[in-house]
Amino acid sequence: MANRADLISLPPAVRRAASAFRIAGWISFWAQIVLGVISAGVLAFAGLNSNANTPTPATVTTPAASTSSVTGFGLFFAVLGLIILFAGAYWAFSYTRLSRRLQTVDSQVRPKRGEAIKALQIGLLINLVGMILTILGAQAIVGSLVARSMAQGFAVFAGALPAYISPLQIFVVQANINIIMAHFVGVAATLWLIRCMNRQ
């Protein structure tokens, strides 16, 4: 870590870039970690709870019974998005390490502009892929819940017990939204850093 005198001796563009990487890296890292841990807890609880995806015997004849496989499909993509989210958090943490390297006085050791841009491109790709997978999972989960809610009406007319939507299923939807939000924070932070780099 460079001392204050060394920081003053750095070119102004390098100082601004180092400060931007440090701020954006820490904000992105903590946002993704906090939202990711909360979502991981909800998805783990949903995966262990058989009632979250398996219809009860009383409702097995209703159209909602066919939504369990769709929900499982959605959970699979949500878990993939969550795994990539933690990879994105690690990459956001690497921005803070890059910030320290940018503060190196020796220009031969200091990362070049191309290296920083490449790191940002990889970070952007990680978060975009994770966001797309999580959106696919959310679409499947919400679609299955819509089908189940519609099946409630059919069950009432048929005189059968409707397949009610459980609070845990709503929490799963919230977990998906949290993951998407975390990936969005990563994308926004990276785009802001790219903008800062282009202004140098």
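Keep in mind that the numbers below use all heavy atoms, side chains included, and drop hydrogens, waters and symmetry copies.
Taking every heavy atom of both residues into account, Gly81 and Thr134 meet most closely at CA-OG1, 3.3 Å. Here the closest heavy-atom approach between residue Ile84 and residue Ile126 is recorded as CG2-O, 3.2 Å. Considering all non-hydrogen atoms of both residues, Gly36 and Leu82 come closest at O-CD1, 3.4 Å. In terms of heavy atoms, Pro111 sits closest to Leu98 at CG-CD1, 3.6 Å. Nearest approach of Gly137 to Asn176, heavy atoms of both residues: C-OD1, 3.9 Å. Contact between Ser39 and Ala175 at its shortest, heavy atoms only, is OG-O, 3.2 Å.
Note that CG of Leu191 and CZ of Phe184 are 8.5 Å apart. Values are rounded to the nearest 0.5 Å. A distance of 9.5 Å separates CE of Met181 from CE of Met131, quoted to the nearest 0.5 Å. With values rounded to the nearest 0.5 angstrom, Gln121 atom CD is found 8.5 Å from Leu124 atom CG. Here the straight-line distance linking atom CG of Leu136 with atom CZ of Phe76 works out to 11.0 Å at 0.5 Å rounding. One distance of note links SG of Cys196 with CZ of Phe21; it measures 8.5 Å at 0.5 Å rounding.
Taking a 6.0 Å sphere around CZ of Phe171, one finds it holds 12 or fewer heavy atoms contributed by other residues, nucleotides or ligands.
Pairs passing the side-chain hydrogen bond (donor to acceptor under 3.5 Å, both in side chains) check and including a residue from residues 18-33, sequence neighbours excluded, read Ser28-Gln32, Gln32-Asn127. For residues 86-96, every residue pair satisfying the side-chain hydrogen bond (donor to acceptor under 3.5 Å, both in side chains) rule, not counting sequence neighbours, is listed here: Tyr95-Thr190.
Using a 4.5 Å cut-off on side-chain heavy atoms (C-beta onward), Ile179 and Leu43 make contact. For the pair Val14 and Gln103, the minimum side-chain heavy-atom distance is 4.5 Å or more. For the pair Phe86/Ile33, a side-chain contact is recorded, criterion being any heavy-atom separation below 4.5 Å from C-beta on.
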Please assess Leu120 against Met197 for the test side chain to side chain contact (heavy atoms under 4.5 Å, CB included), listing each intermediate value before the final yes or no. CA-CA 10 Å; Leu120 292 174; Met197 292 295 296; 4.0 Å; yes
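In this structure Val34 satisfies the side chain to side chain contact (heavy atoms under 4.5 Å, CB included) test together with Ile38, sequence neighbours excluded. In terms of the salt bridge (charged side-chain N to carboxylate O under 4.0 Å, His left out) criterion, residue partners of Arg101 (sequence neighbours excluded) are, by chain and number, Glu115. When the side chain to side chain contact (heavy atoms under 4.5 Å, CB included) test is applied to Ile83, the partners found at least two apart in sequence or on another chain are Val79. Take Ile27 and apply the side chain to side chain contact (heavy atoms under 4.5 Å, CB included) test, not counting sequence neighbours, and it matches Ile23.
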